Amino acid sequence: MPKKRSGGGLSSTQQAAKFLGVSVLAGAVMAGIALPAAGALGLAAKGSVQGFDDIPDNLKSPSLSQRTTILDSKGGQIATVYSRDRTVLDLKNISPYMQKAIVAIEDSRFYQHGAIDLKGILRAVNQNAQNGGVSQGASTLTQQLVKNYFVEEAGDDPTKVAQATQQTIGRKIRELKYAIQLEEKLGKKKILENYLNITFFGEQAYGVEAASQRYFSKPAKKLNLQESALLAGIVQSPSRYDPVNDEEEALKRRNTVLQRMAEVHDISQEQADAAKATKLGLHVSRPKNGCITAVKGAGFFCKYVEKVFLSDPVFGKTREDRAKVWNQGGLTIRTTLDPQSQASIQASLKDHVYKSDKVAAAATLVEPGTGKILGMGQSKAFGTGTNETEYNYSVNYDMGGSNFGFPTGSTFKPFVAAAALEQGRPATQEYSSPNSMPYPSPVQTCGSKPWTNQRNEKVPNESESEQGPYQLKEAMAKSVNTYFVQMISDIGLCPVMNQIGKLGVVQGNGDKLPQVPSIALGARGISPLTMATAYAAFASRGMYCTPVAIESISQQIGGREKSLDVPKSTCSRAMSETTADTVNSLLSGVIDSGTGQQAGLTDRANAGKTGTTDERKNAWFVGYTPNLSGAVWVGSATQQVQMRNIKIGGVWHDKVYGGQVPGPIWRDLMTGALTGKDAPSFNLVNIPDPDRDKDKDKGQDDDNRGRGRHGGNGNGSTTDGSTISGQSDGGVVFPTPSFSLPDGFIQGNTNSGNGGDGGQR
């Protein structure tokens, strides 16, 4: 029995018989193949019927890749990204001149013939015979559409593209069969519409709408006669007839199209002559693709959104599946970015840190109770030029950030306090807190083997006058190192590890923090987004919500719109309300009378903590109100700059403190972000002041110098200059005497190494 096509019609054998009279000639000339002898044509004919019969009956039209638009939470456009710049239009939205021009120059008998133009084939054979080579093909618009389908399906895979465009008789036979199917299934108008939407017009423009915008900065519906002729002429060879790079060649080609339109009576000769006399009339719009085009400094957030899409299984089981959807495009992504918050971040960073400074700054804002990322920016612009970077200092390495994040200094101490409070320690807990002391030993870990201070390493306080005993409130306000080391010794490391686990606190490379007492002093690298999200749990009375950047996504496919599932924030209780309220009371004291006084907001309840790391390579302020949490980091991405005797934002600093530079940045960006917003209060608890001298050393900052001597890095230099791995054979972590980052702290270095002061990213 002969095979029947789905939906009825001729069987494939009947099609082959009908087709056989032209397939041999078509195979020879339609794709520009010159076969030298009748014998070769005979071989082609011999295999044509069988090959034609075996080709699958149904050609699926590919979903055309289109641009993706990324919006902020209010619907404002942040950026457009695309694998192929294309906007699909209905035929009614394409200029009639454009429709006539493409038909006239590419297939003037389009409305008279079927899928195959026998007269065109014979004309091409005759012309090629006269020229002694291949000077003319005979592919119809329908056949060209099929070829473009194959190319579109191949995507950006060079091997698949080569296969889709290979000059073989087999491909032409397959192309011809599918062309017959399209003619019967779609009809002429739909074929023309699809062709104008899929074809490449050069200059990164796919489809007539993108081409019209690129060359004339207008929609395809408004193209005039000469503009339409120019675009139609480009299709045959986008590189040769590129009007941007070769106006003379493009002008000749345009006039050829105009003349052809007159010959087929689409326009009069007078119209053609008048149009020929005009200039090209270009009004070129350069391609605007990618996060580099993002407004309000949102390039880093834009890239973060892309990273989320490519990494989250909600968008596909494998990265390849997710990449296919992303490259397909046609997405409208509404994000969580609040334009007011984002503008405030950029304004504050610009005021306080210059992009040409030796150090950089990054800031992230998160909404407590929802996990929504409301703002993300940094002092160095997104890009590859001078004083620009494509590294996002606010996020972890796998999302485009630095390898290990940045050491956080004393901003880690509230996590230790929360763990102790959860263990039942009172808010008035007191420790001797000497000015300097050996690390307590042993300290219980989550495992069976405790941490021991085998080298008798010591931890000092910042100021010689910081001499205990201290209670928690005063120790937090002054950021007393020895107090929090004693607190960890008291409760053990496991409660701290459990607490930060509930708060999503990991190192910038995704690893868990090591079980060493020095984690209390913030020697490990953590990203600003992680810190802002963790502190948001204090603001929301103990509820931790994972960060989210996407609110909704819709996708246009084949003229239809569908909604995609998006990642949702997962909220869970990280601590009791009482613990959170107590931490809020403690950190309000940091701003009122402690190290963070320069960061305080005057018009609403707020709390926060300063942090400054060893050798002043990093300075932090992480703070929050009941409805907004923000983290600000200032430092060198390569960790090569010590912030002493340094000018930042035009201001000279002998020493940089967390409350002195990041603090005012936080204050200003929070002020702008919260203008016009509600000002709720914390549920504060009364923590009695100790009876000792409360004014002693008020306002001292928390440099935490000597943090390396606390064993924070686990891969530094010992007192005798040798190096240690951070663990003994028994798995016990030793403290180290100085803080130094491991090789490769920042990945992707140039041949010049870390780049020093001038190589920040």
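Keep in mind it's a predicted model, so treat the numbers as computed, not measured. Side chains are part of it too, since the values below use all heavy atoms of this structure and drop only hydrogens, waters and symmetry mates.
- At a cut-off of 3.5 Å, with distance as the only test, a side-chain donor of D654 or W652 sits close to an acceptor on the other residue.
- Atom NZ of K647 has 12 or fewer heavy atoms from other residues, nucleotides or ligands within 6.0 Å.
- Salt bridge status for R541 with D581: present, with a side-chain N to carboxylate O gap under 4.0 Å.
- In terms of heavy atoms, S569 sits closest to T546 at OG-O, 2.8 Å.
- The backbone N or O of K512 lies less than 3.5 Å from a partner atom in the side chain of Q507, making a donor-acceptor pair.
- At least one donor-acceptor pair closer than 3.5 Å links the side chain of N481 to the backbone N or O of P460.
- If you check the side chains of N509 and D511, you find a donor sitting under 3.5 Å from an acceptor.
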Legend entry - Stepwise side-chain hydrogen bond (donor to acceptor under 3.5 Å, both in side chains) check, Y304 with N392: CA-CA 8 Å; Y304 178 78; N392 186 346; over 6 Å; no
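- Of all the heavy atoms in I526 and L513, the pair that sits closest is CD1-CD2, 4.3 Å.
- Residue H352 forms a side-chain contact (heavy atoms from CB on, under 4.5 Å) with just one option from V632, V634, D668, D357, and that option is D668.
- When only modelled atom types and interatomic distance are considered, Q423 and R425 share no side-chain donor-acceptor pair under 3.5 Å.
- Counting only heavy atoms from C-beta outward, the side chains of T533 and T364 never approach each other to under 4.5 Å.
- Aromatic ring pairs are classed by plane angle as parallel below 30°, tilted from 30° to 60° and perpendicular above 60°; the pair F682 and Y624 is perpendicular.
- Counting heavy atoms from C-beta on, the side chains of P440 and V485 come closer than 4.5 Å.
- Atom-to-atom distance recorded for Q471:CD and K473:NZ is 10.0 Å, nearest 0.5 angstrom.
- Q639 and N618 form a side-chain donor-acceptor contact under 3.5 Å, judged by distance and modelled atom types alone.
- Within the 4.5 Å cutoff, the side chain of H653 has no heavy atoms near those of the M643 side chain.
- Between L365 and Q342, the closest side-chain pair of non-hydrogen atoms is not below 4.5 Å.
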Legend entry - Worked verdict on Y535 versus F415 for ring-ring contact (aromatic ring centres under 6.0 Å, His included): CA-CA 9 Å; Y535 270 53; F415 304 145; 5.7 Å; yes
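- One finds no salt bridge joining R455 and E457 here, because no Lys/Arg side-chain nitrogen approaches an Asp/Glu carboxylate oxygen to under 4.0 Å.
- Counted by atom type alone, Q486 and S432 present one or more donor-acceptor pairs between their side chains at under 3.5 Å.
- Residues T408 and M531 form a side-chain contact, since some pair of their non-hydrogen atoms from C-beta on lies under 4.5 Å apart.
- With a 4.5 Å cut-off on side-chain heavy atoms, S410 and K609 count as touching.
- Q340 contributes a side-chain N or O that, together with a main-chain N or O of A673, makes up a donor-acceptor pair within less than 3.5 Å.
- S465 and S463 form a side-chain donor-acceptor contact under 3.5 Å, judged by distance and modelled atom types alone.
- Residue W620 comes nearest to P407 through the heavy atom pair NE1-O, 2.7 Å, listed as atom of the first residue, atom of the second, then distance.
- Here the side chains of E551 and K372 are in contact, with some heavy-atom distance below 4.5 Å.
- Looking at R604 and M670, their side chains never come closer than 4.5 Å, going by heavy atoms from C-beta outward.
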Legend entry - Full working for side chain to side chain contact (heavy atoms under 4.5 Å, CB included) between S344 and L669: CA-CA 5 Å; S344 185; L669 67 85; 4.1 Å; yes
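- Within a 6.0 Å radius of CG in N645, other residues, nucleotides and ligands contribute more than 12 heavy atoms.
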